[in-house]
Amino acid sequence: MTVLQARQLSVALAGKTVVEDLDLTLSAGEITVLLGPNGAGKSTLLGGLAGELPITGELNFGGRPMTAWAPGALARQRGVMPQRVEVNFPLTVEEVVRLGRTGGDRRADEAILAEVLSALSLEGLRYRKMPTLSGGEQQRVQLARVLAQILDSQGPRLLLLDECTSALDPAHQQLALGLVRTLARTQGIAVLAIVHDLNLAAQFADRLVVLKAGRCVASGPAEEVLTPSMLASVYGYQARVERLAEGYSVIVPVAGAVQTAPVKPTCRQAS
Ligand SMILES: Nc1ncnc2c1ncn2[C@@H]1O[C@H](COP(=O)(O)OP(=O)(O)OP(=O)(O)O)[C@@H](O)[C@H]1O
């Protein structure tokens, strides 16, 4: 089932069109990973889909134009995790996760709070103040907040995740993306996630969309899209793609392909 459909979508930033003419379909239960080099327009696209940046073109969510949705309803159906969230107020972990709840049924709020804290190994940090947490701990709290926002809603649901595992150690990356995948599958949530780690993308994506200079240059299943020629042409990255028995691929940099500029001494040597 299609949850989000964009046709000929363009997104502008500071008066400049950064993402251009993009067609995108996100389906219930699927994780679509958005790849592309730094500055390709990935966060800008997410900002456009999240309603934070001006767009042109067609954007439908749950079969209705995005603009037809009331803000309160959208908040229960669409969770957005930006790349950087700084919490400088002395809020506790549980207070931040509660921010994701729009209010209503208190018993449901408590149950969801306990569920997401447990699923992201945050129970022991529940009463800690945010500014005292490490970067990875804070990132897990932000993911918990976004999940708590939409978990018990009915109807079409969408998660937009901008590098939600960039600060996590490998075990917590597996925990977080494994949880997102399980929730997507069991609750029919459509997920669009920006992931720079190609191995995580290969492991967790049902579909990849590759952006370069604001345009989609490839899309499809990882085994079709993640090829040495795509990595070379899009990233200028020389790598092998090895298929594992587990059913996904790992990307291995080609030895000796790293180009480094010679470093010239800029300081005069002390004589
Ligand atoms: N506030 C801004 N004003 C003007 N240009 C901006 C602004 N923010 C970002 N840009 C530019 O827009 C382009 C796209 O940025 P965007 O953050 O969408 O890229 P990205 O693909 O998410 O990159 P990264 O992988 O580095 O996070 C970049 O060239 C960036 O320099």
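Read the numbers this way: they start at 1 and go in the same order the structure lists the ligands and their atoms.
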With sequence neighbours excluded, what pairs up with E246 under the salt bridge (Lys or Arg N to Asp or Glu O under 4.0 Å) test?
none
Within-cutoff protein neighbour (heavy atom, under 4.0 Å) for atom 30 (C) of ligand 1
no
Please answer whether the main-chain N or O of R76 pairs with a side-chain N or O of S153 as donor and acceptor at a distance below 3.5 Å.
yes
I'd like the name of whichever of H196, K42, Q83 reaches closest to atom 27 (O) of ligand 1 through any heavy atom.
Q83
So which of L34, T44, V19, N38 gets nearest to atom 24 (P) of ligand 1, if we judge by its closest heavy atom?
N38
Does A40, backbone or side chain, put an N or O under 3.5 Å from an N or O of ligand 1?
yes
Test item: M66 and R78 side chains (from C-beta on) under 4.5 Å apart, heavy atoms:
yes
In the protein, which heavy atom is nearest to atom 17 (O) of ligand 1, and how far is it?
S43 CB, 3.7 Å
Would you confirm whether any non-hydrogen atom of the protein falls under 4.0 Å from atom 3 (N) of ligand 1?
yes
Atoms of ligand 1 less than 4.0 Å from P37 heavy atoms?
21 (O)
Number the atoms of ligand 1 from 1 as they appear, then name those within less than 4.0 Å of a heavy atom of G41, with their elements.
14 (C), 18 (O), 19 (O), 20 (P), 21 (O)
Less than 4.0 Å between a side-chain N and a carboxylate O, is that true for D23 and R7?
no
Measure the distance from atom 23 (O) of ligand 1 to every protein heavy atom, then report the residue, atom name and distance (to 0.1 Å) of the closest one.
G39 N, 2.8 Å
Measure from atom 19 (O) of ligand 1 to the protein's non-hydrogen atoms and state whether any distance is below 4.0 Å.
yes
Per-atom contacts, ligand 1 versus A14 - under 4.0 Å to a heavy atom:
3 (N), 4 (C)
Is it true that the side chains of S166 and Q139 contain a donor and an acceptor less than 3.5 Å apart?
yes
Between R157 and Q187, do the side chains contain an N or O donor and an N or O acceptor separated by less than 3.5 Å?
yes
Of L211, L13, I194, the one whose closest heavy atom lies nearest atom 12 (O) of ligand 1 is L13
Please name the residue in the list L226, V241, L198, L244 that meets the side-chain contact (heavy atoms from CB on, under 4.5 Å) test with S249.
V241
Looking at every non-hydrogen atom in both residues, tell me the closest pair between L59 and G48 and how far apart they are.
CD2-O, 4.3 Å
